[in-house]
Amino acid sequence: MSIQNILEIAVKEAVSSLFSAQLPNVEFQPTRKDFEGDITVVVFSMLRVVKGNPVQIGQDVGEYLLREVEEVAAFNVVKGFLNLVLKDDFYITSFNKIMKNDSFGFVAASNDAVLVEYSSPNTNKPLHLGHIRNNLLGYAVAEILKAAGKKVYKTQIINDRGIHICKSMLAWQRFGNGETPDSTGLKGDKLVGNYYVEFNTAYKKEIDQMIADGVDAKVAEKEAPILLEAQKMLQKWEAGDEAIVSLWKKMNAWVYDGFDTTYKNLGVDFDKLYYESQTYLLGKEFVQEGLNKKVFEQDPDGSVWCDLTDEGLDRKIVLRSDGTAVYMTQDIGTAIQRVKDFSDVNGMVYTVGNEQDYHFKVLFLILKKLGFNWADQLHHLSYGMVDLPSGKMKSREGTVVDADDLMVEMTNTAASISEELGKLDDYTQEEKQGLHKMIGLGALKYYILKVDPKKRILFNPEESVDFQGNTGPFIQYTYARIQSILRKANDTGVVWSTDVDASLELHLKEKELIKQIQLFPSTIQLAAENYSPALVANYVYDLVKEFNSFYQQVSILGEDNFEKKVFRIQLSNRVATIIQAGFKLLGIEVPERM
RNA sequence: GGUGGCAUAGCUCAGCUGGAUAGAGCACCUGCCUUCUAAGCAGGCGGUCCUAGGUUCGAAUCCUAGUGCCAUCACCA
């Protein structure tokens, strides 16, 4: 039973015996640092049940608790706040328990399965900073859900069909001269992306020419020959034209190759991939079923709609008049397919930017109307855009921050800082490289994940990402320092695996650290409930702040009292494992040295 | 125009279900490396929590209205 539960019962008893009143609940909060105490009972909230002066009530309850609850060492009342001081041995006992728990903070896996979708790129462009946020968020949320006891399947849906793909294909056919990733040394996604750009360049040139020849601008945009040819290509693709399909397969393979490299560097992975080209037909069946069930209605021109005006939304199209699928059609099909594939799945998380809030609201509603009981368990993990100081990233204006380039840049920055400090001159080039990547990526990932997903991020490439203060490297550094201490402790042969003597007197900083450590499990739960890696990031930061303060104020290995020394080594070790575990949830690694 | 999100220090962000004197980092100014890694620590400067009402013993937090920024309202994805 947690201390809070013990106190809750005791406070209720106190109120019952002192004032003959029944408290529905007791409000607790951590005592603010400016006051003496560890945990605070808010007396104000009792006033509804107990009439009287809050200070006097607090005093009476405090005396009762001091008498009846073993863990309470002292109390004081400030205004309507009853501050309780807990005994040191309560903290030490609690700490000893935590030290024995190898999976502290983690809930054992259950059969309650959730599918988490993220990344989901188009196959005509390389990944950029926006995708990085998406990937990091999706990956971290998946890990956090696992830690909170869910069974998780990571997945993505790859948008591998449509006119945009044909544009790259056409440009490659025309201007490519048979170039391949091998012949050029370019990553496959970059190569294909270049042809997408080339298409647009050629397209624009044709439009300009047509306008110069007296064609109306809007007409030119629609009738530029190269665009018409791309559309023809799409029709051929849908008809299964062999040459087109094989070109499509070849170029897509290049792109997937490139993506794989980026994902690997970024440290994310997937359990199952879905391809739009394989699922887009599926939704159509259910459109028909929706029609039968009268969930949908058909217009005279053949288009199918879902009327959501009763829910305060619009009428939404689910099938075009020519019978082809729209975005919504495919998403309906994909969702259903996933539940078929993973029969134990009881919920899905869609990691998609907040510009699609409306789409997902509608999608979930439609699935519910179609009668799927799991539709209530769908969650759109909506996140804000990553903006540059110049505004939104636009590929056409060349203001996109490329994912691969950014990772290299971060690694280089980490390298130059590290070299300047020169602490690791005995490392081999290879070891150094690995470390620099770990630090550079740690900085990037932490920078993005510490922000509440809902909020947009302003990314300034010039100022880039900090390595000091509230940053990934700051936290990694603390971890490395602790490892250094542990190495020395082991080298000097200190055995530090024994239980800590509960009669030890705690230093203020030690007590604060234990308090912070105790919060780890509830932080993971809260982060899972809110789908917010930021909560984990900020928790680890607070823990590290607390540790550094402790580290600076007390000597660990230099402590004369052996019991204290052992305790401090254990405490440091526990902090390190929580940093490591917390960062792992964020997909960030920690170094032995830096 | 309808709908949704956001608004906290010069900048970037925390602030859990309403609680005490609103907290960090960066930047700027002071100190601290003959002691476990100074990518660190301690301190200082800096706030109309967008505005106006309301609910409450108590509001950055909840409600209403307004202002600003962003997104969305396509037979695009």
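Reminder, nothing fancy here: chain letters follow the sequence lines and each chain counts from 1.
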Which residue lies toward the 5' end of RNA chain B, A:Asp452 or A:Glu27, if each is placed at its nearest nucleotide?
-> A:Asp452

Given that A:Ile439 and A:Asn538 both sit by RNA chain B, which one's nearest nucleotide is further toward the 5' end?
-> A:Asn538

Which nucleotide in the list [options] gets nearest to the side chain of [X]?
X        : options             : result
A:Leu526 : B:U37, B:A14, B:C16 : B:C16
A:Leu535 : B:C41, B:A20, B:G15 : B:G15
A:Phe81  : B:G19, B:A24, B:C75 : B:G19
A:Tyr358 : B:U72, B:A20, B:A77 : B:U72
A:Ile317 : B:C26, B:C75, B:U72 : B:C75
A:Asn122 : B:C75, B:A20, B:A77 : B:A77
A:Ser418 : B:C36, B:C75, B:A39 : B:A39

Can you see if the side chain of [X] gets near the phosphate of [N] - specifically, an N or O under 4.0 Å from OP1 or OP2?
X        : N     : result
A:Lys545 : B:G25 : yes
A:Tyr477 : B:A39 : yes
A:Arg32  : B:A22 : no
A:Lys79  : B:U21 : yes
A:Lys488 : B:U37 : yes
A:Lys455 : B:A7  : yes
A:Arg481 : B:C41 : no
A:Arg48  : B:U56 : no
A:Asn548 : B:G40 : no
A:Ser549 : B:A42 : yes
A:Lys423 : B:A38 : no
A:Tyr327 : B:A74 : no

For ring-ring contact (aromatic ring centres under 6.0 Å, His included), just list the numbers for A:Phe547 and A:Phe550, CA-CA rounded to whole Å, side-chain angles, deciding distance to a tenth of an Å, and then say yes or no.
-> CA-CA 5 Å; A:Phe547 179 82; A:Phe550 159 78; 5.6 Å; yes

Identify which one of A:Asp452, A:Asn354, A:Asn134 satisfies the side-chain hydrogen bond (donor to acceptor under 3.5 Å, both in side chains) criterion when paired with A:Tyr383.
-> A:Asn134

So, under a plain 3.5 Å distance rule, would you say the side chain of [X] forms a donor-acceptor pair with the base of [N]?
X        : N     : value
A:Asn83  : B:A20 : yes
A:Thr478 : B:A39 : no
A:Ser484 : B:C36 : no

Would you find more than 12 non-hydrogen atoms of other residues, nucleotides or ligands less than 6.0 Å from A:Gln553 atom CD?
-> yes

Got a sec: does the CD of A:Glu510 have more than 12 other heavy atoms crowding it under 6.0 Å?
-> yes

Under 4.0 Å between any heavy atoms, over every strand shown, what does [X] touch: base, sugar-phosphate, or nothing? Just pick one.
X        : value
A:Val42  : base
A:Met594 : base
A:Ala489 : nothing
A:Ile485 : sugar-phosphate
A:Leu458 : sugar-phosphate
A:Val554 : base
A:Thr523 : nothing
A:Gln553 : nothing

State the pairing partner of [N]; accept Watson-Crick or G-U wobble contacts with both distances under 3.5 Å, and report none otherwise.
N     : result
B:U21 : none
B:G47 : none
B:U72 : B:G2

From the list A:Tyr479, A:Phe467, A:Tyr446, A:Tyr541, ring pair (Phe, Tyr, Trp, His ring centres under 6.0 Å) partner of A:Phe474 resolves to A:Tyr541

Decide, for B:C33, between syn and anti: a glycosidic angle within 90° of 0 counts as syn, anything else as anti.
-> syn

Please work out which of the three classes, parallel, tilted or perpendicular, describes the rings of A:Tyr447 and A:Phe459, given edges at 30° and 60°.
-> perpendicular

Strictly by modelled atom types, are A:Ser168 and A:Asn124 linked by a side-chain donor-acceptor pair under 3.5 Å?
-> no

A:Arg315/A:Asp307 salt bridge by N-O under 4.0 Å criterion = no

